[in-house]
Amino acid sequence: MTAAPLLELRDVRCDFSVERGFLRARRTLRAVDGVSLALRPGETLGIVGESGCGKSTVANLMLGLIRPSAGAVLLSGTPIDRMDRRAVAQRVQPVFQDPYASLNPRKTVRAIVGLPLSVHGAAADPGDAARRVSAMLDMVGLPRHLADSYPGELSGGQRQRVAIARALVLRPNIVVCDEPTSALDVSVQAQILNLLLDLRRELGLAMVFISHNLAVVEHVAQRVAVMYLGRVVEEATAAALFRAARHPYTQALLLSVLTPEPGRGIPDARLGAGFPDPLAPPPGCSFHPRCPLAEARCAATAPALAGRGEGEGTVACHVAGALNSAMP
Ligand code: SF4
């Protein structure tokens, strides 16, 4: 039997009001458009897509940092916006892209990692807090003598280890990692990825791993959702997606994995026109101006998510959907 989701997005929409142009006219930016996702216990869900596809907005929705304009974000079945902010933080914690920006430069490592314990009143006494901070530093592989250092005295990899220790000190059961290795040197990225994988195993964490880099997501995720202009266009187990991507956008992303400069973003993968203006998304299938398989109907009607075939996941594409339904 499939376990109930720990964290779920049900048909979530998220709009922002933004100013545009010389006259600063207000426009609505639909950052997330009808997204449904589920994260089950012990699972790692990868979310991939180009910058501006809405994946970081999804992260902020999952963390309860922003509210959906429509739909629901549920934590073990309870709408997250009806929960106390602290109760959410005890169960869901973030690891962000830039560890330097997310750490207070005036606080020591010990104070940064210990702060959630004092904010949440989670330690029995100062001695208990000190023991838990030391245990956390050991767990993330930071030498204890760095406990009295400031973030500016640490390397990028060490700072990200501090950010991970801070995220885990309350022992949440879900960690949302938003591009956690993108700001790091290539040589350090693998160490941080392997640390996250070890911690997931040791602590039984469920993890959301957001990245523009499919190679990284393949390494860590059991299931992958591909986002384009605020929508999920394909979702499947990592094995199925990397064996046979169905959506033309996913296929283009997979081609881009073979970049000679890993970590430098998505190069031109013969997608034709550039990424569209999110304030004026193309009608129909929003991928149609860049899609090599586009047909007349693609500009008129948005495809719904449908089965990918072989009982593995979903895809939103008129052409890939039709191919799948014709499969034996
Ligand atoms: Fe391409 Fe049409 Fe499929 Fe969109 S629906 S991905 S434009 S073939």
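Side-chain atoms are counted along with the backbone in the values below, which use heavy atoms only and exclude waters and symmetry mates. As the structure lists them, so they are numbered: ligands from 1, and atoms in each ligand from 1.
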Output, in order, the C-alpha distance, side-chain angles, deciding distance and verdict of side-chain contact (heavy atoms from CB on, under 4.5 Å) for L168 and M139. CA-CA 10 Å; L168 297 181; M139 197 173 270; 5.5 Å; no
Evaluate the side chain to side chain donor-acceptor pair (under 3.5 Å) criterion for residues S69 and R13: first the C-alpha distance (whole Å), next the side-chain angles of each, then the deciding distance (0.1 Å), finally the verdict. CA-CA 5 Å; S69 309; R13 202 185 78 214; 4.9 Å; no
Check ring-ring contact (aromatic ring centres under 6.0 Å, His included) between H247 and all other residues, then give those that pass, not counting sequence neighbours. F287
Strictly under 2.8 Å of atom 2 (Fe) of ligand 1: which protein N/O/S atoms qualify?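 Listed by chain and number, the nearby protein N, O or S atoms are C298 SG.
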With a 3.5 Å distance limit and no angle check, can you tell me whether Q191 reaches the backbone of V188 through a side-chain donor-acceptor pair? no
Assess, by modelled atom type and distance only, whether the side chains of S56 and D178 contain a donor and an acceptor separated by less than 3.5 Å. yes
Side chains of S286 and R231: do they bring a donor and an acceptor to under 3.5 Å? no
Kindly identify the option in Q251, H247, R290 whose heavy atom sits closest to atom 6 (S) of ligand 1. H247
